[in-house]
Amino acid sequence: RALSSAASDVYKRQILCCTFYFKIEMKYIVVLLICLMWGGSLSAQQNLSALVPMPNHVEKQKGKAFVVTDKTWIVIRNASLRFEAEELQRMLEVQMGLRLNIQIGAVKGKHIYLISNSQNEILEHYRLRVNSKKLEISAESSKGIFYGIQTLAQLLLGDAENTAHHRVTPVLIEDSPRFAFRGLMLDVARHFLPVSDVKRFIDLMASFKYNVLQLHLTDDQGWRIEIKQYPQLTKIGAFRNKKGSDQGPDNGYYTQEQLKDLIAYAAQRHVEIIPELDIPGHTAAVLAVFPEMLCQSLNTVPVQIGKTTDVMMCASNEHCYKIYQNILTEVAGLFPSRSIHLGGDEAVIEKNWGKCSSCQVLKEKLGYQKSSDLMNYFFGKILSIVRKLKKEPILWCELNNIWMPADSYLFNYPKDVTLVSWRAGLTPLCQELTQKNGNSLIMAPGEYAYLDYPQYKNDLPEYNNWGMPITTLEKTYQFDPAYGDEFSEKHIRGVLGTLWSEAIKDFNRVTYMTYPRGLALAEAGWTQMEHRTWSSFKQRICPNLYKMMKDGISFRVPFEIFSSYVCN
Ligand code: ACM
Ligand code: ZN
């Protein structure tokens, strides 16, 4: 259907403005613009055309539209929904150009109602009802209301012409997510991101109903969290580049005050921040500060932050447990999240514990066969610290060489550890073993959810710093977090997209690598398989990409998925 000339003028003007602001390759811009205009003519009048993730129950309704005027109020019963009401107010001002008043109390009339029936923040369900008399979002929690507002924002975004005339098309949406855990991970250790950038990242992810941000805070290249008891951790560990800026990309850290502010900012947008402190490998930054934590019999060359890799904390060294007891106590006090992620990945065991005389003595004493068995001892001690701090541990699921030798099916992870499946090819095994053993599982399989992998052949090859496989948007969209096994779904907490930042140095690169694949992962986490189709998804992302462009957010233009409409 053709757009009315007024609406198409608005479209064209906005698109023309956008081209001045972004340095995305011109060829891609042209393709995108054609797509958007084409997509616009296909779907701009449809209120369902920009929904990402797709809600799980949508009923089109007959009847006249709800008309918003400057006399329409946003009504809440009490101040507990003030933030959500203000979000809605901001969104309507941007999308319709009307700034509505917020009213608290029992108001009747043709208004917009936000109604939260209880304060049970675990419940994410919402109900969005639009008819000519009323626009109402109801939920059991402010989180549900927040998600209803995000859905309304997308209804308006897709329905450009009606929105321009302040009309909201009737609809009934009853929605709740497939998975409770819908996360993205930012690696701020390899390259640091200032707080303001992390906040922008949170704004964007929350609009697609993500609810977890994992911050990878420590690695070989940097220690990014202030620990009051050990100021040298950041004084030394956060500055690998003596000549670089203090605020990234090589240097920088978050003070505890900044983290409190960031955590509160995220919580308002219903995003929980999970801290990750990766041990016992990926620890060059902390080992440069505390060389006494190294395997002493190997400790001949000084550790250099960002240059030294493959070093580990010594399993037999009491300093490690003492120092981490103190670090974890501060971390647990700072982050309200019920979880702490402790890494546990890619430990180079033979090179460290295998050659350390005191680790070998400990191995014999414990009756272990292999040096890798010392992982049980190491994490046994660390996990007991975490349990005493009343936190739930998360670890990367390692099956190939560390916890479980290739020739056996020993699975030694304690049951209270939530595991994250990540290694390409190993997810089905990880799924089977966690289900048998009773561990919860988060899905971040390399095949689908690694956002540092290149997105297309020859696309910015500098990102492919170690020859990682191409993960196209279409491939990511094919991700079913249950891997087709609905019976195992109960022990799967959800989805995590990981953005490792060895080659990602600023916010534009962060969002470029995250989006649009982050839209596909958002839908994998939220939407039941029966409501997901690639053909519908690739149309629904168009208005959202257009909005990102307008908002100055860099993303990769997925020109390959539009070529069948435009080029053939
Ligand atoms: C990982 O990618 N090393 C978890
Ligand atoms: Zn040792």
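Since the structure is predicted, the reported quantities are computational estimates derived from the model, not experimental observations. Note that ligands are numbered from 1 as they come in the structure, with each ligand's atoms numbered from 1 the same way.
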Neighbour count >12 (heavy atoms, 6.0 Å) for atom NZ, K547: no
Apex the Zn ion (ligand 2) - arms SG from C295 and SG from C356 - angle rounded to 10°: 100°
Whether Q221 side chain and H191 backbone form a donor-acceptor pair below 3.5 Å: no
Sub-4.0 Å atoms of ligand 1 with respect to non-hydrogen atoms of E346: 3 (N)
Numbering as shown, the atoms of ligand 1 that approach W500 to under 4.0 Å (heavy-atom distance): 1 (C), 2 (O), 4 (C)
H531, R540, R178, R182 screened by side-chain hydrogen bond (donor to acceptor under 3.5 Å, both in side chains) with E523, the one that passes: R540
Identified side-chain hydrogen bond (donor to acceptor under 3.5 Å, both in side chains) counterpart of N211 within the set H270, E272, E124: E124
Atom 3 (N) of ligand 1: nearest protein contact (heavy atom, Å): D345 OD2, 2.6 Å
Residue Y450 vicinity, atoms of ligand 1 by number, heavy atom under 4.0 Å: 1 (C), 2 (O), 4 (C)
F479 and its ring-ring contact (aromatic ring centres under 6.0 Å, His included) partner, picked from Y450, F537, W534, Y448: Y448
